[in-house]
A.B. asks: 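Have a look at this one.
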Amino acid sequence: MNASGLIAGGLKFKGKAAFRATALSAFVMVVAVCVSAGFRSSIRDTIRSIAGDALVCHSGSGFLSGDIPVSDSLPVLGSISGIESVEPVIFKTGALKIGDVYEGVIFKGVEKEGTLSALIPSSLARKYNLKPGDRLTAYFVSDKVKARNFTVEGTYESADLKDALIIECPIANLRRLNAWDENSASALELKFSKGWQDDSSSSTMAAMVGATIYGDGSDLVCISTADHFRDLYNWLDVIDTNVLAILILMSIVAAFNMISAVLILLMQSVSTIGTLKTMGMADRDIAGIFLKVGARKAGLGILVGAFAGTAVCFVQQVTHLLKLNAENYFISYVPIHINIPMIVLTGIIVWGVTALLLLIPCLYISRIDPAETVKAE
């Protein structure tokens, strides 16, 4: 061990308040990052479960509607790199009669086994106390009203997107209801490969698919789900902006608390600094001693806070203990996505900024005159 490291190890750091503040700042930052990532992940997954990353449908159809049938296959899509899967789906609006209440829903037909089975969103199940095995009566209006009885096969966790209460059922049921042949669908649901799944990239990919389809002479269009649910993604951007503000604020709090602690340590160690100067140690080497003390404590505080924050986030991810009002936040609990690389990167950046700002109190060392410290002693 060199001299500066030995001396740094012997100095008693009394900045417990600064250590706690640093740990608390790291805790808040980890929770903020995980919650922000959780919201984005949960809502993106919900949107993908509703309509994939994009829908290819007839130009005369609306989003999540299926009045005009299209072929359930489109060979030109196979030539486009970045498309992970293509699935034919049928969307049909209907009304559920539950007791004396009518609930407007959208039925989504997908390729699956079963007859008149229905997978319903958990929000609908909670609202009406529905469980697997219950019967649902659905009414569909076209030339005349048609009724169908579905059996609840299960539920899926879904953010409350208000205008997209989706009930999933076998596509064959809706084909019979629409009197369509077995090769017809309302739309082709596209899911993109990784790298094309965020909102901006999926919009770009959907535009590329649309241009390819148009060039092939088709009357089909490609609609990005990110564009259709643009308000949701704008809301997520606001959350990300708030998280960035929290990260900056907490970094400043951690840094300035540690600066105060190191400055107090410097003032308490004036005689030691004077002695080191009389022994020929340069200001830079002396500053390195206090930098090591401050950076070490800052790093330890960040580790403690990050570990505690990750542990709390893990508990919330497993138990969904903290609840939210789905009408305001689109989801009934605080969503968590633990992104270890992002947590590590955040910790490294905060530690680096703190260590850099610790140079400020170390400027005080150059003003200490060893003759004055010796005289004072």
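All values reported here derive from a predicted model rather than from experimental measurement.
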A.B. asks: Go through N173 and R176 one step at a time and tell me if the side chain to side chain donor-acceptor pair (under 3.5 Å) criterion holds.
C.D. replies: CA-CA 5 Å; N173 295 329; R176 286 193 296 270; 2.6 Å; yes

A.B. asks: Are I336 and L322 grouped together when hydrophobic residues (ILVMFWY) are joined by side-chain heavy atoms under 4.5 angstrom apart?
C.D. replies: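 Same cluster.
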
A.B. asks: Give me the atom names and distance for the closest heavy-atom approach of K108 to L174.
C.D. replies: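 So the two residues come closest at C-CD1, 4.1 Å.
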
A.B. asks: What's the spacing between I167 CD1 and S117 OG if we round to 0.5 Å?
C.D. replies: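 Separation between the atoms: 11.5 Å.
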
A.B. asks: Checking the side chain of D134 only, and the main-chain atoms of K131 only, is there a donor and an acceptor separated by less than 3.5 Å?
C.D. replies: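 Present.
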
A.B. asks: Report the relative orientation of the aromatic rings in F140 and F150; use parallel for angles under 30°, tilted for 30 to 60°, perpendicular for over 60°.
C.D. replies: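 Because their plane-to-plane angle is over 60°, the rings of F140 and F150 count as perpendicular.
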
A.B. asks: Looking at every non-hydrogen atom in both residues, tell me the closest pair between I120 and L124 and how far apart they are.
C.D. replies: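 What the structure gives for the nearest pair is CB-CD2, 4.3 Å.
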
A.B. asks: Under 3.5 Å, is there a donor-acceptor pair between the side chain of T225 and the main chain of G52?
C.D. replies: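 A pair under 3.5 Å: yes.
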
A.B. asks: Is there a donor-acceptor pair under 3.5 Å between the side chain of D181 and the backbone N or O of N183?
C.D. replies: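 A pair under 3.5 Å: yes.
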
A.B. asks: Could you check if a side-chain atom of L77 sits within less than 4.5 angstrom of a side-chain atom of V209, using non-hydrogen atoms only?
C.D. replies: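 The answer is yes; the side chains approach within 4.5 Å.
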
A.B. asks: Hey, are the side chains of T93 and V105 touching, using non-hydrogen atoms and a 4.5 Å cut-off?
C.D. replies: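 Sidechains of V105 and T93: no contact.
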
A.B. asks: Is atom OH of Y128 surrounded by more than 12 heavy atoms (other residues, nucleotides or ligands) closer than 6.0 Å?
C.D. replies: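 More than 12 heavy atoms, drawn from other residues, nucleotides or ligands, come within 6.0 Å of this atom.
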
A.B. asks: Sub-3.5 Å donor-acceptor pair from the side chain of R148 to the main-chain atoms of A138, do we have one?
C.D. replies: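 Side chain of R148 to backbone of A138, a donor-acceptor pair under 3.5 Å: no, none is there.
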
A.B. asks: Let me confirm one number: the CG-OG1 distance from L300 to T22, rounded to the nearest 0.5 Å.
C.D. replies: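 It comes to 10.0 Å.
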
A.B. asks: Please report the shortest heavy-atom distance between P132 and G154, naming the atom on each side.
C.D. replies: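 In terms of heavy atoms, the two residues are closest at CG-CA, 4.2 Å.
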
A.B. asks: For A295 and A355, which heavy atoms make the closest approach, and how far apart are they?
C.D. replies: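 Looks like CB-CB, 4.4 Å.
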
A.B. asks: I would like to know whether T137 and N149 meet side chain to side chain donor-acceptor pair (under 3.5 Å); could you show each step before the answer?
C.D. replies: CA-CA 5 Å; T137 301; N149 290 318; 2.9 Å; yes

A.B. asks: Taking the side chain as C-beta and beyond, is there a heavy-atom pair between V353 and L356 under 4.5 Å?
C.D. replies: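 They are not in side-chain contact.
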
A.B. asks: Do L55 and I106 sit in the same hydrophobic cluster, where Ile, Leu, Val, Met, Phe, Trp and Tyr count as joined when their side-chain heavy atoms come under 4.5 Å apart?
C.D. replies: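 Both belong to a single hydrophobic cluster.
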
A.B. asks: Going by an N to O cut-off under 4.0 Å, is there a salt bridge joining K127 and E103?
C.D. replies: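 Yes, K127 and E103 are salt-bridged.
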
A.B. asks: Examine distances only and state if a side-chain atom of K191 and a backbone atom of S193 form a donor-acceptor pair shorter than 3.5 Å.
C.D. replies: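 The answer is no, because no donor-acceptor pair under 3.5 Å joins these two groups.
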
A.B. asks: Under 3.5 Å, side-chain donor or acceptor atoms of residues 27-40 against the rest of the protein: list the pairs with distances, not counting sequence neighbours.
C.D. replies:
from : atom 1 : to   : atom 2 : distance (Å)
S36  : OG     : D240 : OD1    : 2.6
R40  : NE     : D240 : OD2    : 3.3
R40  : NH2    : D237 : OD1    : 3.1
R40  : NH2    : D240 : OD2    : 2.6

A.B. asks: Go through N257 and S260 one step at a time and tell me if the side chain to side chain donor-acceptor pair (under 3.5 Å) criterion holds.
C.D. replies: CA-CA 5 Å; N257 273 280; S260 300; 5.9 Å; no

A.B. asks: Is there a donor-acceptor pair closer than 3.5 Å between any side-chain N or O of T151 and the backbone N or O of R135?
C.D. replies: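 Not confirmed, T151 side chain does not pair with R135 backbone.
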
A.B. asks: Is a side-chain donor-acceptor pair under 3.5 Å present for S42 with D45?
C.D. replies: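 Side-chain D/A pair, D45 to S42: absent.
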
A.B. asks: Would you confirm whether S25, through its side chain, and A21, through its main-chain N or O, come within 3.5 Å as a donor-acceptor pair?
C.D. replies: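 The answer is yes, because a donor-acceptor pair under 3.5 Å joins these two groups.
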
A.B. asks: Has the side chain of Q316 got a donor or acceptor atom that lies under 3.5 Å from a matching backbone atom of P335?
C.D. replies: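 Absent.
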
A.B. asks: Passes side-chain contact (heavy atoms from CB on, under 4.5 Å), I80 versus M205? Steps please.
C.D. replies: CA-CA 9 Å; I80 303 175; M205 175 60 79; 4.2 Å; yes

A.B. asks: Determine the sole option in I43, I47, D227 for which the side chain to side chain contact (heavy atoms under 4.5 Å, CB included) test with Y233 is passed.
C.D. replies: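 The residue from I43, I47, D227 that satisfies side chain to side chain contact (heavy atoms under 4.5 Å, CB included) with Y233 turns out to be I47.
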
A.B. asks: Looking only at non-hydrogen atoms, find the nearest pair between A54 and F192 and report the distance.
C.D. replies: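 Closest approach of A54 to F192, heavy atoms only: CB-CZ, 3.8 Å.
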
A.B. asks: Is it true that Y333 and F314 fall in one hydrophobic cluster, defined by side-chain heavy atoms closer than 4.5 Å?
C.D. replies: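 Linked, Y333 and F314 end up in one cluster.
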
A.B. asks: Heavy atoms, side chains only, cut-off 4.5 Å: are P121 and Y156 in contact?
C.D. replies: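 Touching, per the 4.5 Å side-chain cut-off.
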
A.B. asks: Would a 4.5 Å heavy-atom cut-off, applied to side chains only, mark K112 and E153 as touching?
C.D. replies: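 SC-SC contact between K112 and E153 confirmed.
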
A.B. asks: I need the S202 OG to W196 CH2 distance, nearest 0.5 Å.
C.D. replies: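 Here the interatomic distance stands at 10.0 Å.
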
A.B. asks: Consider only side-chain heavy atoms of I, L, V, M, F, W and Y, link residues closer than 4.5 Å, and tell whether I348 and M342 are in one cluster.
C.D. replies: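 Cluster IDs for I348 and M342 match.
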
A.B. asks: Are F107 and L177 close enough that some pair of their side-chain heavy atoms sits under 4.5 Å apart?
C.D. replies: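 No, every pair of side-chain atoms sits at 4.5 Å or beyond.
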
A.B. asks: Set out, in order, the CA-CA distance, both residues' side-chain angles and the distance that settles salt bridge (charged side-chain N to carboxylate O under 4.0 Å, His left out) for R48 and D53, then state yes or no.
C.D. replies: CA-CA 6 Å; R48 290 191 87 217; D53 294 306; 3.0 Å; yes

A.B. asks: Indicate the atoms forming the closest heavy-atom contact of A185 with V89, along with that distance.
C.D. replies: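 Minimum heavy-atom contact is CB-O, 3.4 Å.
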
A.B. asks: Does a side-chain heavy-atom distance below 4.5 Å link E87 with L188?
C.D. replies: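 No; the side chains remain at least 4.5 Å from each other.
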
A.B. asks: Rounded to the nearest 0.5 Å, how far does OG1 of T212 lie from CG of L74?
C.D. replies: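 Answer rounded to 0.5 Å: 10.0 Å.
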
A.B. asks: Could you tell me if the side chain of V56 sits less than 4.5 Å from the side chain of I213, heavy atoms only?
C.D. replies: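 Yes, their side chains come closer than 4.5 Å.
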
A.B. asks: Are V110 and I166 co-members of a hydrophobic cluster defined by side-chain heavy atoms under 4.5 Å apart?
C.D. replies: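 As far as the 4.5 Å side-chain criterion goes, V110 and I166 are connected within one cluster.
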
